[in-house]
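Below: the structure, in structure tokens.
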Amino acid sequence: MAAFPEISKIKYEGPDSKNPLAFRHYNESELVEGKTMKDQLRFSVAYWHTMRGTGADPFGPGTMIRPWEGAGDSVENAVNRVRVAFEFMEKLGTPFFCFHDRDVAPEGASLAESNKNLDTVVKAIKAESDRTGIKLLWGTANLFSNPRYVHGAATSCNADAFAFAAAQVKKALEVTKELGGSGYVFWGGREGYQTLWNTDMKRELDHLARFMHMAVEYAKEIGFTGQFYFEPKPKEPTKHQYDFDAAACINFLRANGLEKHVKLNIETNHATLAGHTVEHELEYAGMQGFLGSVDANTGDLLLGWDTDQFPTDVYMTTKIMLAFLKYGGLAPGGVNFDAKVRRESFEPVDLFHAHIGGMDTFAMGLKLAAKIRADGELARMVQQRYASWDSGIGAEIEQGKHNFKSLEQYMLAKGDVAPNTSGRQELFENVVNRYIF
């Protein structure tokens, strides 16, 4: 029986459409910079929010109306939930999905029982994936919800917690490979500390590096060739997490010999919590060759926590797509909607409204980014601002032809420095507005 019988497959109807269950900008077959929108954006549904979100918050229980959840958190219901998830994704037209192991199958009383539960549900996922062609973008393990991970998983002070986490990731990697996943994400939900009084930071970071090397080694052993990702997040629930931002993650990877194996999965709301913009994090990762994938959401500037709202800001999606086009595209990563409907948006149809809005906003951002790149006006303006580095003393410095002594002689002869050009921030912003408007 269909879970969404009143909803047909979502179609592209163009910018003038007023149909709330149609795309206005996302036309999956439209070519942008030589690829279809579908291939450029590689949209993914986050199983944890879309299929498991209840609307609960610290002040009250869940509010979501989910008729398919009648049997609770049983293996039987988990299998039925898979069918609901694929009906939703098939009607929405997303080519990928992502999950944590505990999203798709209930945890048992032991590791063996948990693995058995997962195997049962994965069998259903594989059947639905084969039927629909919807693939796993990346998998990951929930190493933060169970009380055994109260002090973290790979960075726990309890060696048994580390060992259990290793066994859990081993199984998650096997499942990701079985489902043809394009990648695997390390997200340290509790990999951090609350106070340094009780923390041996170096030991914990050494353990985290060893854990990630174990995962890389096991992936090679089983023939999993997907991309590993490290997802930055500065805080919440711990006061200070080791994966604070792109800079901290890249430093950690390089310091521990993991730079050839792991890229970054950047989330908008996490960038905000770190005091950055998402375009800062994308550019920082991209310029160093670590840009891999995006968790697409946004936060609320008036709230200081991870609100995981669906993206509706075209300025933001344009900046994101400019970064991805600049650095060669998304594959094998994608745009994963790590976002949830608001607690007050509790009807099943709201899941469609939210994803349609996010997909349209990213499609518009993609088209605008491609036009900005094709026109080249912004690029020329940036080049002009740095013109002093293209010849003369600037070019010589970049070529390594000078040192402090020679530059001292240059400035003694020149005398002083005058500002050579205005930053023209307002002009840059006006030029971008011409594309947006």
Side-chain angles (χ1 to χ4, degrees), residues 9-10 12 23 25-50 85-86 88-99 125 128-129 132-140 176-177 179-185 187 225-231 262-268 278-279 281-282 285-286 290-298 310-311 314 316-339 354-370 373:
K9 184 172 176 59
I10 308 302
Y12 170 72
F23 295 120
H25 298 286
Y26 179 59
N27 179 4
E28 67 172 33
S29 61
E30 182 179 340
L31 290 176
V32 180
E33 291 203 5
K35 294 181 181 179
T36 64
M37 278 194 174
K38 182 178 181 180
D39 289 338
Q40 287 281 23
L41 292 165
R42 293 171 62 83
F43 284 132
S44 168
V45 169
Y47 206 96
W48 52 96
H49 284 320
T50 299
F86 276 85
F88 174 77
M89 292 185 289
E90 193 173 17
K91 288 182 174 180
L92 188 63
T94 52
F96 298 104
F97 66 103
C98 298
F99 67 71
I125 293 174
E128 286 295 291
S129 178
T132 62
I134 299 169
K135 303 297 184 183
L136 178 63
L137 184 66
W138 49 254
T140 189
T176 299
K177 178 179 183 293
L179 293 173
S182 299
Y184 185 87
V185 170
W187 181 65
T225 58
Q227 177 65 54
F228 280 104
Y229 303 105
F230 197 14
E231 181 167 334
V262 186
K263 294 188 177 182
L264 300 190
N265 183 58
I266 302 294
E267 178 178 319
T268 303
V278 66
E279 60 267 26
E281 291 289 84
L282 294 173
F290 284 87
L291 183 54
S293 195
V294 161
D295 268 11
N297 58 25
T298 189
F310 275 84
V314 174
M316 183 186 78
T317 59
T318 301
K319 293 172 183 176
I320 290 174
M321 294 316 302
L322 276 169
F324 269 107
L325 292 175
K326 177 179 179 179
Y327 292 109
L330 294 165
V335 174
N336 174 52
F337 286 112
D338 183 6
H355 284 83
I356 290 168
M359 292 166 77
D360 264 347
T361 304
F362 261 93
M364 175 67 85
L366 171 62
K367 290 187 287 187
L368 289 167
R373 282 163 53 83

> Looking at A369 and L325, what are the two nearest heavy atoms and their distance?
Replying inline: CB-CD1, 3.9 Å
> Do side-chain atoms of K9 reach the backbone of E90 as a donor and acceptor pair under 3.5 angstrom?
Replying inline: yes
>> Pair T94, H355 - check side-chain contact (heavy atoms from CB on, under 4.5 Å), show working.
In response: CA-CA 10 Å; T94 52; H355 284 83; 5.5 Å; no
> K367 versus M321: any side-chain heavy-atom pair under 4.5 Å?
Replying inline: no
> Minimum heavy-atom separation for L264 to A285, with atom names?
Replying inline: CD1-CB, 4.0 Å
> Heavy-atom distance under 4.5 Å between the side chains of I320 and F362, does that happen here?
Replying inline: yes
> Would you call F23 and I356 a side-chain contact if the rule is heavy atoms closer than 4.5 Å?
Replying inline: yes
> Counting only N and O atoms by type, is there a donor-acceptor contact under 3.5 Å from the side chain of S129 to the main-chain atoms of I125?
Replying inline: no
> Taking all non-hydrogen atoms of both residues, which atom of S44 and which atom of L137 are closest, and how far apart?
Replying inline: CB-CD2, 3.8 Å
> Is there a side-chain contact (heavy atoms from CB on, under 4.5 Å) between D338 and W187 once you walk through the steps?
Replying inline: CA-CA 13 Å; D338 183 6; W187 181 65; over 6 Å; no
> Looking at residues at least two apart in the chain, or sitting in another chain, which of them share a salt bridge (charged side-chain N to carboxylate O under 4.0 Å, His left out) with E279?
Replying inline: K319
> Does some side-chain heavy atom of W138 sit less than 4.5 Å from a side-chain heavy atom of N336?
Replying inline: yes
> Quick check: does any side chain N or O of Q40 sit under 3.5 Å from a backbone N or O of V32, one acting as donor and the other as acceptor?
Replying inline: yes
> Just how far is it from atom CE of M37 to atom CG of D39, taken to the nearest 0.5 Å?
Replying inline: 12.0 Å
> Just how far is it from atom NE2 of H25 to atom CG of D360, taken to the nearest 0.5 Å?
Replying inline: 5.5 Å
> Closest heavy-atom contact between P311 and M316?
Replying inline: CB-CE, 3.6 Å
> Between CG of N265 and SG of C98, what distance do you get to the nearest 0.5 Å?
Replying inline: 8.0 Å
>> Show, in sequence, the C-alpha distance, side-chain angles and deciding distance for E281 and E267, and conclude whether the side-chain contact (heavy atoms from CB on, under 4.5 Å) test is met.
In response: CA-CA 9 Å; E281 291 289 84; E267 178 178 319; over 6 Å; no
>> With rounding to the nearest 0.5 angstrom, report the OG to CZ distance, S293 to F324.
In response: 6.0 Å
>> Donor-acceptor check, side chain of R42 to backbone of P332, threshold 3.5 angstrom: yes or no?
In response: yes
> Do L92 and M359 have side chains that get closer than 4.5 Å, going by heavy atoms?
Replying inline: yes
> Is the backbone N or O of G181 less than 3.5 Å from a side-chain atom of T176, with the two atoms forming a donor-acceptor pair by type?
Replying inline: no
> For K91, what residues pass the salt bridge (charged side-chain N to carboxylate O under 4.0 Å, His left out) criterion, not counting sequence neighbours?
Replying inline: E87
>> Would V278 and T298 count as a side-chain contact (heavy atoms from CB on, under 4.5 Å) here? Give the steps.
In response: CA-CA 9 Å; V278 66; T298 189; over 6 Å; no
>> Looking at A296, is its backbone amide N or carbonyl O close enough to the side chain of T268 to form a donor-acceptor pair, meaning the two atoms are under 3.5 Å apart?
In response: no
> Nearest heavy-atom pair of L282 and V294: which atoms, and what distance?
Replying inline: CD2-CG2, 3.9 Å
> Rounded to the nearest 0.5 Å, how far does CD1 of I266 lie from CG of L291?
Replying inline: 7.0 Å
>> Using every non-hydrogen atom in the two residues, find where G365 and T318 come nearest and quote the distance to one decimal.
In response: CA-OG1, 3.6 Å
>> A side-chain contact here means heavy atoms from C-beta on lying under 4.5 Å apart; do S182 and K135 qualify?
In response: no
>> Rounded to the nearest 0.5 Å, what separates atom CG in D295 from atom OH in Y229?
In response: 11.0 Å
> Is there side-chain contact between Y26 and I10, with at least one heavy-atom pair below 4.5 Å?
Replying inline: no
> With M89, which of F43, F96, F97, Y47 fulfils side-chain contact (heavy atoms from CB on, under 4.5 Å)?
Replying inline: F97
